[in-house]
K.L.:
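Here it is: the structure, laid out below.
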Number of protein chains: 2
Amino acid sequence: MSPDPTTDGFRFDRDTRVEKLADGEFAATLTDAWTTFTSHPNGGYVLGAALNALRQNLSQPDPLAVSAFFLRPAAPGEATARTEVVREGRRTATGQVRLEQGGKEIVRATATYGDLSPDPSARVLALDEPPHLPAPEDCPVPPEFDNPEGLGIARSVEYRYPGRPGWLDGRKDGRPHAEFWMRFADGREPDTHALVSMVDFAPPAVLEIGEFATITVELSVHVRARPAPGWLACRVFTKHVSGGLHEEDMEIWDGTGTLVAQCRQLAMLL
Amino acid sequence: MSPDPTTDGFRFDRDTRVEKLADGEFAATLTDAWTTFTSHPNGGYVLGAALNALRQNLSQPDPLAVSAFFLRPAAPGEATARTEVVREGRRTATGQVRLEQGGKEIVRATATYGDLSPDPSARVLALDEPPHLPAPEDCPVPPEFDNPEGLGIARSVEYRYPGRPGWLDGRKDGRPHAEFWMRFADGREPDTHALVSMVDFAPPAVLEIGEFATITVELSVHVRARPAPGWLACRVFTKHVSGGLHEEDMEIWDGTGTLVAQCRQLAMLL
């Protein structure tokens with residue numbers, strides 16, 4: 001695939017680049033620029049590399065529905081993506097990718113792609129509202145966000161919260177619900193491909209109830225529209241914790257107030 | 001797998017029975033007892049047959065997270081399920097199943113199983129409430145529900161709505177949000193295996209806005225607890241319709257007020 005002049009050179013694109021090795025087989029190199037509290041690369045970032053391989057062989061431009069199962073923690077370093085075209089239809093194309101490190105499968109993702117070109121004739125119903133947030137420049141930046149030791153993702157992604165998150169001060173009595181702005185730190189604009197990764201970039205909502213060790217079992221994301229350039233308004237929340245499991249919902253809205261991605265994860269407390 | 005005396009003989013179990021043909025290969029026969037408005041067998045029912053094959057080879061008892069991609073419409077008749085154990089871990093087991101008819105793949109599902117045995121020591125947080133419904137016996141049954149021509153699922157599943165759904169009278173101005181009771185018509189009690197099918201048994205919420213022709217692209221379900229016997233309280237809703245696509249959320253709560261399953265689908269309007 002020839003470089004895309006609009007995104008080439010940005011960190012997300014460099015760090016998810018793949019090289020074709022054989023039919024349906026690609027090499028990727030995971031970097032340490034997207035590590036989280038777990039010290040492993042963020043799952044959304046890892047998924048982004050896997051889908052960057054998968055989409056090379058699909059005829060449709062936009063991911064509509066992606067489901068990823070996280071089988072083992074990823075590590076910075078070499079990875080191999082094995083892709084399969086499952087079905088090419090008229091309106092959609094479905095494929096699967098298995099990402100391996102050290103001969104072991106770490107992520108398996110299935111995805112249906114389609115075309116989210118704006119269609120003014122399509123019916124629109126929107127029964128929910130975007131987060132109501134102060135302008136990004138009016139949100140205070142906690143000093144911890146400026147010096148995120150070992151937390152690669154906090155250097156690669158910018159976050160703007162309307163207030164100081166309680167978990168930064170060790171509070172565990174919060175409500176697992178947060179609204180905030182997000183964008184790539186180096187100015188890369190969002191697109192439907194990047195949204196599939198970005199839905200996993202939120203600090204977990206359960207940080208607000210003192211749960212720092214949580215790993216994703218499955219993540220399912222629906223991309224609903226191509227995002228406008230600029231900051232993205234995000235809403236992340238958990239409503240049910242039980243049996244050592246919790247769901248986490250993430251919504252991303254663009255600056256025009258359009259819902260562009262919905263995501264739900266099932267995660268396990270360690 | 002030897003017959004389970006608690007469920008053997010019920011229609012859902014008869015109609016999702018599988019027979020082993022070879023390692024990882026099973027025969028199933030889809031029936032016409034679960035057809036919907038589309039005249040095709042309900043996707044949840046079809047998924048139930050596929051998972052009935054997959055679970056034979058997994059060590060854990062309960063589906064925790066299942067994602068299914070619906071590739072082609074199913075038809076009553078023979079089907080072949082090809083299963084793969086993806087990873088057997090300490091707390092979870094993940095597998096994949098491809099269901100084929102006439103040599104073509106109709107459903108691909110990936111699933112992580114675990115153990116939802118009640119754990120009194122586990123942290124519980126429940127920030128949402130079950131549907132507030134009159135007792136099932138106080139819900140009027142529309143006469144259309146008693147004589148559902150060609151609609152197999154309405155004979156196999158019982159529904160109790162607190163009021164008469166507007167779509168029965170051709171109204172298209174409703175809110176795509178419904179709460180109702182559901183159970184198998186023949187008295188089969190719910191369990192975690194059946195819940196994965198039951199999350200797809202709701203009449204679509206978008207019927208309330210006049211959309212009858214909708215097909216599922218992807219369905220993702222998280223099973224959160226083993227359900228108590230009896231009627232299940234359900235909540236189905238759509239918040240966003242755009243670009244010919246809509247999501248549909250479904251929650252199932254058991255009679256004790258416990259959330260037992262959460263599901264989101266991405267569906268395409270025809």
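Computed from heavy atoms alone, side chains included, the values below leave out hydrogens, waters and symmetry copies.
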K.L.:
Using heavy-atom distances under 4.5 Å, tell me whether B:L245 contacts chain A through its side chain, its backbone, both, or neither.
P.N.:
both
K.L.:
Count the heavy-atom pairs under 4.5 Å between each of A:L259, A:I209, A:V66 and chain B, then report the option with the highest count.
P.N.:
A:I209
K.L.:
Restricting to ring-ring contact (aromatic ring centres under 6.0 Å, His included), what partner residues turn up for A:F201, sequence neighbours left out?
P.N.:
A:W34
K.L.:
Does any heavy atom of chain A fall under 4.5 Å from the side chain of B:L269, the backbone, both, or neither of them?
P.N.:
backbone
K.L.:
Suppose we count any N or O donor within 3.5 Å of an acceptor, strictly below that value; which pairs fall between chain B and chain A?
P.N.:
residue, atom, partner, partner atom, Å
B:S67, OG, A:S67, OG, 3.1
B:L71, O, A:R87, NH1, 2.9
B:E84, OE1, A:R108, NH1, 2.9
B:E84, OE2, A:R108, NH2, 2.8
B:R87, NH1, A:L71, O, 2.9
B:Q96, OE1, A:Q96, NE2, 3.4
B:Q96, OE1, A:R108, NH1, 3.0
B:Q96, NE2, A:Q96, OE1, 3.4
B:R108, NH1, A:E84, OE1, 2.9
B:R108, NH1, A:Q96, OE1, 3.1
B:R108, NH2, A:E84, OE2, 2.9
B:R123, NH1, A:I209, O, 2.9
B:R123, NH1, A:E211, OE2, 3.0
B:R123, NH2, A:I209, O, 3.2
B:L125, N, A:V241, O, 2.8
B:L125, O, A:V241, N, 2.9
B:L127, N, A:K239, O, 2.8
B:I209, O, A:R123, NH1, 2.8
B:I209, O, A:R123, NH2, 3.2
B:E211, OE2, A:R123, NH1, 3.0
B:E218, OE1, A:S220, OG, 3.4
B:E218, OE1, A:H222, NE2, 2.9
B:E218, OE2, A:S220, OG, 3.4
B:S220, OG, A:E218, OE1, 3.4
B:S220, OG, A:E218, OE2, 3.4
B:H222, NE2, A:E218, OE1, 2.9
B:R224, NH1, A:E247, OE1, 2.9
B:R224, NH2, A:H240, O, 2.8
B:R224, NH2, A:L245, O, 3.1
B:K239, O, A:L127, N, 2.8
B:H240, O, A:R224, NH2, 2.8
B:V241, N, A:L125, O, 2.9
B:V241, O, A:L125, N, 2.8
B:L245, O, A:R224, NH2, 3.1
B:E247, OE1, A:R224, NH1, 2.9
B:D249, OD2, A:R264, NH2, 3.2
B:R264, NH2, A:D249, OD2, 3.2

K.L.:
Is there a side-chain contact between A:V241 and B:L127, using heavy atoms and a 4.5 Å cut-off?
P.N.:
no
K.L.:
Less than 4.5 Å apart, any side-chain heavy atom of B:L125 and any of A:V206?
P.N.:
no
K.L.:
Can you find a heavy atom in the side chain of B:L64 that is under 4.5 Å from one in the side chain of A:V217?
P.N.:
no
K.L.:
So which part of B:A111 gets closer than 4.5 Å to some heavy atom of chain A, the side chain, the backbone, both or neither?
P.N.:
backbone
K.L.:
Which atoms of A:L71 come close to chain B, meaning under 4.5 Å heavy atom to heavy atom: side chain ones, backbone ones, both, or neither?
P.N.:
both
